[in-house]
Amino acid sequence: MLPLTWDIMVQGLSEVVKLVLLVATVVIILEALAYLILVKWLKLKNALAFMLILPALVGVAILILYPFGFNIYLAFSNMSMYRFKEFSVGLKYGIGNLLDVFRVPVLQRVTFFQLFLRTFLWTVINVVFHVLGGLFLAILLNRPMRGKAIYRTLLVVPWAIPQVIAALAWKCEFHYQYGFVNILLEKLGFQSVQWMSDPFWAFVAVVIVNIWLGIPFMMVTILGGLQSISPDYYDAAQIDGASGWQQFRFITLPLLNPILTPAIILGVIWTFNNFNVIYLVTGGGPMEGTDILVTSLYKAVFEFYRYGFGAAYSLVIFLFLLVFSMIYLRISGGFKGAWEA
Amino acid sequence: MKRVFVRMLVSMLLLAMIVPLSAFAQKKMTITLWTKEGEGEEGLGGETIYGEIVNLTKKFSQTHPGVEFEVVSYGVEDLRQNFQSAAFAGAGPDLLWTVSDHAGPFEAMKLIKPVDEVFDKAYIDKFVKPGIEAVELGGKVWGVPLNVGNHLMLIYNKNLIANPPKDTDELIKVGMELTKDLDGDGKPDQYGLVYNLNEPFFFAPWLGGFGGWPLDGTEPTLNTPAMVNALQFVQDLKFKHKIVPMECDYDAADSLFKEGKAAMIVNGDWSLSSYLTDEVKKKVDLGIARIPKVTETGLWPSPMTSGIYFMFPEYVSDDKIEVIKDFVEYVCSEEVQLMFLEAHMRLPALEEALTNPLVTNDPIIKGSSDQMVVGKPMPTVPEMRAAWDAIRPNQEAVMAGKAKPEDAAKAMQEACENLIREMKK
Amino acid sequence: MTHMQSQETTLPKTGFPTYSRTRRKALLKSASIHLVLIVACVIAVYPFLRVVSISLRPGVSLLSTSLALIPEGATLDNYRTLIFDKDFTIWLWNSLIVSVATVLIGLLLAATAAYAFSRWKFPGRRQGLVFLLLTQMLPPGMLLLPIYIMVVRLNLFNTYTGMIIAYSVGSVPFSIWLLKGYYDTIPKELEEAALVDGADPLITFYRIVLPLAAPALAIAGLFSFMTAWNEYMMARVMLQKASMFTWPLGFQRLRDQFTTQWGIFSAASVLVAIPVMLLFLYSSKWLISGLTLGGLKE
């Protein structure tokens, strides 16, 4: 087979090093240009800030805006298997694609609204358990104790394992005959569950896998928040005779809020768009019973060749997420800390 | 801190400069071959099929100086999706080594060129007829067969069952005898029959055995009495006769059989060499037979036969095509085909090679080709994709005991018609 | 200070229950906390241990009725085959350089931008932060085809350049959020003092703020590393050369349509998980202090 020779190592390395240097140079040139124009010439008050943001902004804009624009263009096309290279673009296709999202099943059985509902459930259940589990473990860890470092290290293992591998490992654990979960259930006197043939249980299985994957991130985030709360608050509360629950409710939670809100928003976005777990563990089956919006999007485009439809569909998904996040931001008072800092 | 950074920067710069510029010096022809073959299965010679391909390209390069190969392996689905994206963007491989199913979508998307434009008719005629017919669409041939088969068959363990059942009644009878609870925990731990229960490809033989088939040309024929009966049959295997496990995917079936915990397995020719390893031989004495005749209809179940094909992207330049032609002829030669047969149990597609004593004498290969005779070619039209996707969830529902065969058949037909309509939009 | 001592010191306040009863209660509480944590750790680690167990198993089957973690006839053969007979070391090397470059470029872009978001109240600041959040909302797969077309037009396919730029820029939004949150916690007074002394604002940033932000930089780096290390979909379309494969691509080659040599596959899984775990272990001292999302303001 191909051995890892110096040639290959140097070849890869030189490309990468060149790239890093090139990007560094481009960044410096961009910033210098911006400095000359904004600071020396226009003498803007916030010139320095704009200058510092410019390189990142340019990068993100190129990577997002062009593809995003192209996606909108595709949404107004009839690109599909039979019109793969010679597709037409027009308003009527755009409207047709958009209507189809709500009108016809996205795959074969499930409609958009079913998928939306399921994605909603998937997101809520996951995030709630991520936060509760993370909070629970963080509170347990947030005290002087023996073996704390070991616990902390072991508890982040699900986060550190590549998701592909974690998903495959769990798939085996949910195996009817060989999986650990059923063996455990039987030892406890329950019936074996057909995890991969019953849509309900398959959904439970993917939810369990994703909860397992997501708790460490929340735990670490919350632990950071807990450690930044001054012990003085608790001392004062204890003097006032507050119970443990009262301390949690009136000190811990409010002070955690600035950390929890962004963590929850990010958690919601990531879970909503989580493709890997479902695709790798159940593939959306059985009976499309575990498909969520993003897995059905992928299938519609890459398995059913519905490029135009898929582009419109992806825009709809994006808009839903956008509206949801904005509403949540409004209600929760959102990133107050972030805006005002 | 700063000095360290500067030093790092300087050393990086130096490294970037020592990169040889000679890469531009010589112009060679590189042929990029995409293959669906990986390293998941080791043949009897200890080489994976991916490894064999790399070796073949190296040998070919020796006789064709200046020609180099870039062999890239992707999963079957990845290969299809990647080729679509690559061809759309205008940067793809020069040659494809893939399954026959891909001919349909690639032809519809106009991504490959017909074989008739590359080879003359005399060459194409050297291959077995079904092998060519499988990739014939719109009167043109879209692939050169590497090997034919890829079909399911009944594989049994002679340690557990001396003679394979002749018909389905016997299958159920011996299946029930062989499904045993050995350790007395109230659950069977040896099974009469195992196979990938929820996979439509593994259901297809039964459908054929009851006289049905998913497509008639390009029209879905899923809501038929044959479909209902076949679904009823596989549902009964699980719930009524209980000769298959309650849940069984490919890996479970494979493991059970290898561990000697299943008397019979329905599996494909690709799996044969893995049942002949020393490790497995300790528990399994391999036998091959046709999947038993369906008693009600008197028909042999018809596994889908397909094959592995060379396909030619439409954009490949003429000077490359000449070299590619040579390579294809080399790999499809009798010598190489027999090598694949011996090491990987893959049946050759060359008419001539099929009459070789290797095919007619070896009991296992003979069993495999005997099964292939009653197989039916898998439809290559793009509509087949819709049929697969329509069957799968409904088959899953039947196997979960959540749908009656009649309703499932109806739902399949409806879903398939919808899908075809959406795909053609 | 151990947990028990802390209980004891609060004793005088509650006073009433006898010393030994409180002590026993504290012990019980401590023991139950340890018990819960141990159970949680087992759940966290067990699936991975099973992968390790499969990798030690002789033969090729994925599943086995045996639940023993050290299988019968355990052997390192799979690791040997993987390292010496497969292209595994190349895949690891490629993944490594791609990931490291992603981290470097990602941090380069994010560190300064986040500083601007943290210290200046310029018009468009809020919109900028929201825009960054929006980029996280794009459904995966949505931009795949257009990005690929872009890469081909720029003649960047079959290079790492296209991938690294996509990964690093993709990781920038999250890194900015994270770094901005951390900069916010660094008191401005430090920089103001330096500025009074006449130092340039940029020099102040590099000299004072950046070193203090090391934990957050480490964590932002860790996140970018993980994104690049695990990425598959983009690598799949961009790399069409076996010698350039990253491990997620190489892994697909270890499998065939129906058959997989699970022992080798698992051994590979263990070996690619280890570098990331080591990174986590190494950065664990920063992990908790560095992961500050949003401005924590008291």
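These numbers come from a predicted model, not from an experiment. Chain A is the first sequence line, chain B the second, and so forth, proteins listed ahead of strands; every chain is numbered from 1.
Under the side-chain hydrogen bond (donor to acceptor under 3.5 Å, both in side chains) criterion, K320(B) pairs with D94(B), not counting sequence neighbours. E314(B) pairs by the salt bridge (Lys or Arg N to Asp or Glu O under 4.0 Å) definition with K85(A), not counting sequence neighbours.
Contact of Y232(C) with chain B is made through the side chain alone, with heavy-atom distances under 4.5 Å. Contacts between L144(C) and chain B at a heavy-atom distance below 4.5 Å are absent for every atom of the residue. Only the side chain of T32(B) has a heavy atom closer than 4.5 Å to any heavy atom of chain C. Neither the backbone nor the side chain of E77(B) comes within less than 4.5 Å of any heavy atom of chain C. Only the side chain of V76(B) comes within contact range of chain C, with at least one heavy atom under 4.5 Å from a heavy atom of that chain. Both the backbone and the side chain of I149(C) come within contact range of chain B, judged by heavy atoms closer than 4.5 Å. Neither the backbone nor the side chain of F83(B) comes within contact range of chain C, judged by heavy atoms closer than 4.5 Å. Looking at F265(C), there are no atoms closer than 4.5 Å to chain B (heavy atoms on both sides), in backbone or side chain.
When all heavy atoms of R236(C) and D78(B) are compared, the pair lying nearest together is NH1-OD1, 2.9 Å. Scanning both residues, A91(B) and V152(C), for their nearest heavy atoms gives CB-CG1, 3.9 Å.
Using modelled atom types, no side-chain atom of D256(C) and backbone atom of E37(B) make a donor-acceptor pair closer than 3.5 Å.
Between E39(B) and the options R255(C), R253(C), Q252(C), a side-chain contact (heavy atoms from CB on, under 4.5 Å) holds for only R253(C).
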